[in-house]
Amino acid sequence: MSADDAAPATTRSGTSEIPTRLLVHALVREDGTVDAGQLYTVAGVLGMTDQQVRLCVKRLVAEGRFTQEGRGRKATLRALADVTGSLAPDAAYVRHAYRQDAGLAPWDGSWHLFAFAVPESRRTARDTLRDHLRHLGAAPVHGGLYATANPVADLVRAYARHLGVEETLTCLTTTDLRVGSTTAPRELAASLWPLDAIAARHEQLAARAEALLARLDQEPGLPNVHRLTAAIALAAEFTTAMEPDPLLPPELLPQPWPGARARRLAADCFARLREPGAADHTPRLFALYADALAP
């Protein structure tokens with residue numbers, strides 16, 4: 001990837017960095033096409049140069065991800081595969097977050113522990129399993145031992161089986177977890193997960209969403225290009241806040257927890273940004289978030 005293609009652009013309305021490639025993916029419509037005129041216009045609002053966009057499109061076509069019909073701003077790009085996953089939230093993960101926020105997924109008091117001893121000869125599998133545990137919200141307790149408050153054992157075992165290291169994995173569920181002298185659940189959570197950093201990301205998401213809602217109140221006829229720009233920036237901020245969030249049960253978090261408020265505000269934003277425009281010309285991004293944020 002060239003430096004121009006990879007270089008992120010910073011939106012004028014905030015600090016989230018949006019790679020050019022991600023912008024192209026975000027503008028894929030329901031019919032799998034991207035209007036180049038719209039792409040260049042939105043990119044300009046986001047502070048990206050035409051040269052940066054051209055290089056990115058050239059790279060995506062060379063990689064076989066898109067075909068291009070026409071040239072410049074009059075071109076049409078057609079996705080050869082579903083490339084929107086880079087901006088699409090995991091619907092089940094996000095729905096679980098909203099269920100927790102609504103008090104519909106109470107914690108049963110159980111901790112789920114995972115230990116593994118994958119040999120050095122399988123280092124890649126070991127590192128991949130560790131990364132998957134972190135992705136599922138597990139935190140390291142000691143070397144090779146991870147803990148989470150969510151029942152993800154089936155997912156962990158399935159992934160270990162996929163990697164061919166299931167025989168090295170040990171799973172344990174307990175209601176009696178002690179790390180050093182710490183036994184209180186909230187104190188354990190605070191010691192195992194970087195809650196301050198997680199909360200700060202949600203505060204940033206909430207601030208962006210609040211500012212956007214205020215703007216929509218003041219400018220109900222906001223032009224479509226600015227709605228698209230706002231939606232893409234919000235999606236990037238949502239991902240920044242949600243990806244490192246272990247979705248600990250509310251019983252383990254300081255209250256009020258900023259994540260719940262940020263998610264509520266983000267859902268309001270996406271609902272309002274989606275309102276105008278013909279459905280066939282709406283980027284698939286809106287449908288992806290509508291699905292993930294559905295009750």
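Every value quoted in this text rests on a predicted model; they were computed, and no experiment measured them. Just so you know, residue 1 is the first one in the sequence shown, and it goes up from there.
- The shortest side-chain heavy-atom distance between R161 and R157 falls under the 4.5 Å cut-off.
- In D176, the CG atom is not crowded: 12 or fewer heavy atoms of neighbouring residues, nucleotides or ligands sit closer than 6.0 Å.
- If you take NE2 on H162 and OG1 on T128, they are separated by 8.5 Å, rounding to the nearest 0.5 Å.
- In E167, the CD atom is not crowded: 12 or fewer heavy atoms of neighbouring residues, nucleotides or ligands sit closer than 6.0 Å.
- S191 contributes atom OG, which lies 14.0 Å from atom CZ of R186 (distance to the nearest 0.5 angstrom).
- Residues L177 and T183 have side chains not in contact (no heavy-atom distance under 4.5 Å, counting atoms from C-beta outward).
- Q68 contributes no side-chain N or O that, together with a main-chain N or O of T76, makes up a donor-acceptor pair within less than 3.5 Å.
- The line from CZ of F116 to OG1 of T168 is 7.5 Å long, rounded to the nearest 0.5 Å.
- Counting non-hydrogen atoms of neighbouring residues, nucleotides and ligands closer than 6.0 angstrom, the CG atom of D196 reaches no more than 12 such neighbours.
- Note that the CG atom of L212 and the CG atom of D217 stand 9.5 Å from one another [nearest 0.5 Å].
- Counting non-hydrogen atoms of neighbouring residues, nucleotides and ligands closer than 6.0 angstrom, the NE2 atom of H132 exceeds 12 such neighbours.
- The CD atom of E187 sits 12.0 Å away from the CG atom of L252 when rounded to the nearest 0.5 Å.
- In the model, T20 has a side-chain atom that pairs as donor or acceptor with a side-chain atom of Q52 under 3.5 Å.
- Side chains of Q218 and R215: a donor-acceptor N/O pair is absent below 3.5 angstrom, by distance only.
- Here the side chain of R284 pairs a donor or acceptor atom with the backbone of R29 at under 3.5 angstrom.
- A side chain to side chain donor-acceptor pair (under 3.5 Å) with H112 is found for one member of T148, T174, T173 and no other, namely T173.
- Judged purely by atom type and a 3.5 angstrom limit, N150 has no side-chain atom pairing as donor or acceptor with the backbone of V152.
- Ion pairing between D101 and R263 holds under the 4.0 Å rule for side-chain N and carboxylate O.
- Formation of a donor-acceptor pair under 3.5 Å by the R99 side chain with backbone atoms of L104 is found in this model.
- A side-chain donor-acceptor contact under 3.5 Å links E251 to the backbone of W107.
- If you chain together ILVMFWY residues whose side-chain heavy atoms come under 4.5 Å of each other, L213 ends up grouped with L265.
- For the pair D35 and R73, the salt-bridge criterion is not met [side-chain N within less than 4.0 Å of a carboxylate O].
- For the pair E237 (side chain) and Q204 (backbone), a donor-acceptor distance under 3.5 Å is absent.
- Not a single donor-acceptor pair under 3.5 Å links the side chain of W193 to the backbone N or O of L188.
- The backbone N or O of P244 sits nowhere less than 3.5 Å from a side-chain atom of R201 that would complete a donor-acceptor pair.
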